[in-house]
Amino acid sequence: MDNPIRVLVVDDHFIVRAGVVALLAGFPDIAVVGEAEDGRQAVEEAGRCDPQVILMDLRLPRLDGVAATREILTTQPDIGILILTSADVEAEVMSAVEAGALGYLAKTSRKEEFLEAIRRVARGEPWLPSSLTRRLLTHLKPRPAVAVAEEPLTDREQDVLRLLAQGRSNREIAREIGIAEITVRTHVSRILGKLGVSNRVEAVLHALRTGLVPNEAP
């Protein structure tokens with residue numbers, strides 16, 4: 001396939017890395033362009049192989065996954081980082097999201113979830129399961145129940161943000177409210193600017209914790 005999604009796999013356990021690489025080898029639209037066994041090597045490999053998506057373990061030697069995420073995005077902000085973990089470590093996942101990660105994927109996830117998560121993150125869209133979102137909110141510092149943006153969101157922007165909070169992709173949002181996908185991207189860009197956040201995950205968490213949208217996680 002032309003121009004497959006370039007993926008860097010970061011995990012300190014060789015068997016886990018090998019398993020993920022083998023899994024991704026079955027997808028023609030994904031190409032593993034590098035591997036790293038610690039956070040420092042992840043930073044170096046990100047600069048060397050220019051991935052579109054990084055599958056990042058959290059508990060790494062030399063430099064942990066949160067610090068590596070932050071350092072990589074400082075110089076390569078267009079990379080989509082997907083946290084890859086085997087345990088319920090909400091506090092660490094929250095730190096990674098605040099550092100700029102676009103989502104979370106359990107190492108035990110089905111292969112279809114790996115594929116969909118990588119595709120979405122490659123497009124700059126979040127992959128944040130609603131059940132995890134609810135748990136992540138418990139690790140946020142208390143904020144006022146109602147947020148007041150300097151420039152209020154329009155009704156349509158509120159609709160888009162509500163669907164983002166439900167984990168919908170651009171395509172799903174466009175279909176749900178009957179607009180073009182490019183228009184969804186325009187709305188998202190305006191929402192980020194008005195809320196003063198840098199990515200969709202931050203926008204969703206900001207909206208949930210401040211009451212801009214209700215926490216409708218099942």
Side-chain angles (χ1 to χ4, degrees), residues 1-7 24 27-31 50-56 69 73 76-84 93 96-106 109-134 136-137 147 149 151-210 212-218:
M1 179 177 179
D2 293 336
N3 301 318
I5 299 167
R6 303 183 306 280
V7 177
L24 298 182
F27 300 135
D29 62 338
I30 295 175
D50 190 28
Q52 293 168 268
V53 175
I54 298 177
L55 298 181
M56 178 78 75
T69 293
L73 293 178
Q76 296 171 274
D78 292 334
I79 293 177
I81 296 184
L82 189 60
I83 298 303
L84 188 63
V93 172
V97 166
E98 291 181 333
L102 286 181
Y104 163 102
L105 189 66
S109 298
R110 295 176 293 108
K111 65 179 182 179
E112 294 81 10
E113 291 177 301
F114 269 86
L115 177 59
E116 182 63 20
I118 289 170
R119 284 174 172 170
R120 285 202 188 182
V121 170
R123 295 194 297 264
E125 298 173 5
W127 180 264
L128 200 65
S130 58
S131 59
L132 175 66
T133 300
R134 184 174 59 238
L136 286 180
L137 291 175
E151 183 181 355
L153 300 181
T154 65
D155 289 344
R156 180 48 57 86
E157 288 165 352
Q158 287 271 18
D159 290 339
V160 170
L161 184 55
R162 175 178 53 82
L163 293 170
L164 280 178
Q166 294 173 3
R168 306 291 185 87
S169 68
N170 282 357
R171 182 174 301 176
E172 290 167 337
I173 293 172
R175 187 183 305 119
E176 176 81 13
I177 59 181
I179 60 177
E181 197 169 338
I182 190 171
T183 305
V184 174
R185 291 197 292 271
T186 299
H187 283 310
V188 170
S189 178
R190 290 174 178 166
I191 289 168
L192 298 184
K194 288 182 178 182
L195 297 182
V197 297
S198 60
N199 62 53
R200 294 159 184 254
V201 176
E202 286 187 279
V204 169
L205 294 175
H206 174 90
L208 290 171
R209 70 187 174 190
T210 59
L212 279 172
V213 297
N215 182 5
E216 299 174 344

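Remember, predicted model here, so these are calculated numbers, not experimental data. The figures that follow rest on heavy atoms only: side chains count, while hydrogens, waters and symmetry mates do not.
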Mark yes or no for whether [X], through its side chain, and [Y], through its backbone, hold a donor-acceptor pair below 3.5 Å.
X: S189; Y: T186; value: no
X: E157; Y: H187; value: no
X: R185; Y: N170; value: no
X: R200; Y: G124; value: yes

What is the minimum heavy-atom distance between [X] and [Y], and which atoms define it?
X: A117; Y: L105; result: CB-CD1, 4.2 Å
X: A180; Y: A174; result: C-CB, 4.0 Å
X: Q52; Y: I5; result: OE1-CA, 3.2 Å
X: W127; Y: R120; result: CE3-CD, 3.9 Å
X: L192; Y: A203; result: CD2-CB, 3.7 Å

Say you draw a straight line from [atom1] of [X] to [atom2] of [Y]; how long is it, rounded to the nearest 0.5 Å?
X: I30; Y: F114; atom1: CD1; atom2: CZ; value: 10.0 Å
X: I79; Y: L73; atom1: CD1; atom2: CG; value: 7.0 Å
X: R6; Y: I54; atom1: CZ; atom2: CD1; value: 11.0 Å
X: R168; Y: R162; atom1: CZ; atom2: CZ; value: 8.0 Å

CA sep, side-chain torsions, deciding dist, call: L24, I118, side-chain contact (heavy atoms from CB on, under 4.5 Å): CA-CA 10 Å; L24 298 182; I118 289 170; 3.6 Å; yes
Please name all residues satisfying salt bridge (Lys or Arg N to Asp or Glu O under 4.0 Å) with R190, sequence neighbours left out, ordered by chain then number.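 Checked R190 against salt bridge (Lys or Arg N to Asp or Glu O under 4.0 Å); zero matches.
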pair [X]-[Y]: side-chain heavy atoms closer than 4.5 Å:
X: V201; Y: Y104; answer: no
X: R156; Y: I177; answer: yes
X: L115; Y: D29; answer: yes

Would L153 and K194 count as a side-chain contact (heavy atoms from CB on, under 4.5 Å) here? Give the steps. CA-CA 7 Å; L153 300 181; K194 288 182 178 182; 3.6 Å; yes
Could you walk me through whether I173 and V188 pass side-chain contact (heavy atoms from CB on, under 4.5 Å), step by step? CA-CA 11 Å; I173 293 172; V188 170; 5.6 Å; no
Hey, is R171 close enough to E125 for a salt bridge, meaning N to O under 4.0 Å?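 Between E125 and R171 there is no salt bridge, as every charged N stays at least 4.0 Å from the carboxylate O atoms.
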Please step through side-chain contact (heavy atoms from CB on, under 4.5 Å) for the pair R119 and R123, ending with a clear verdict. CA-CA 7 Å; R119 284 174 172 170; R123 295 194 297 264; 4.1 Å; yes
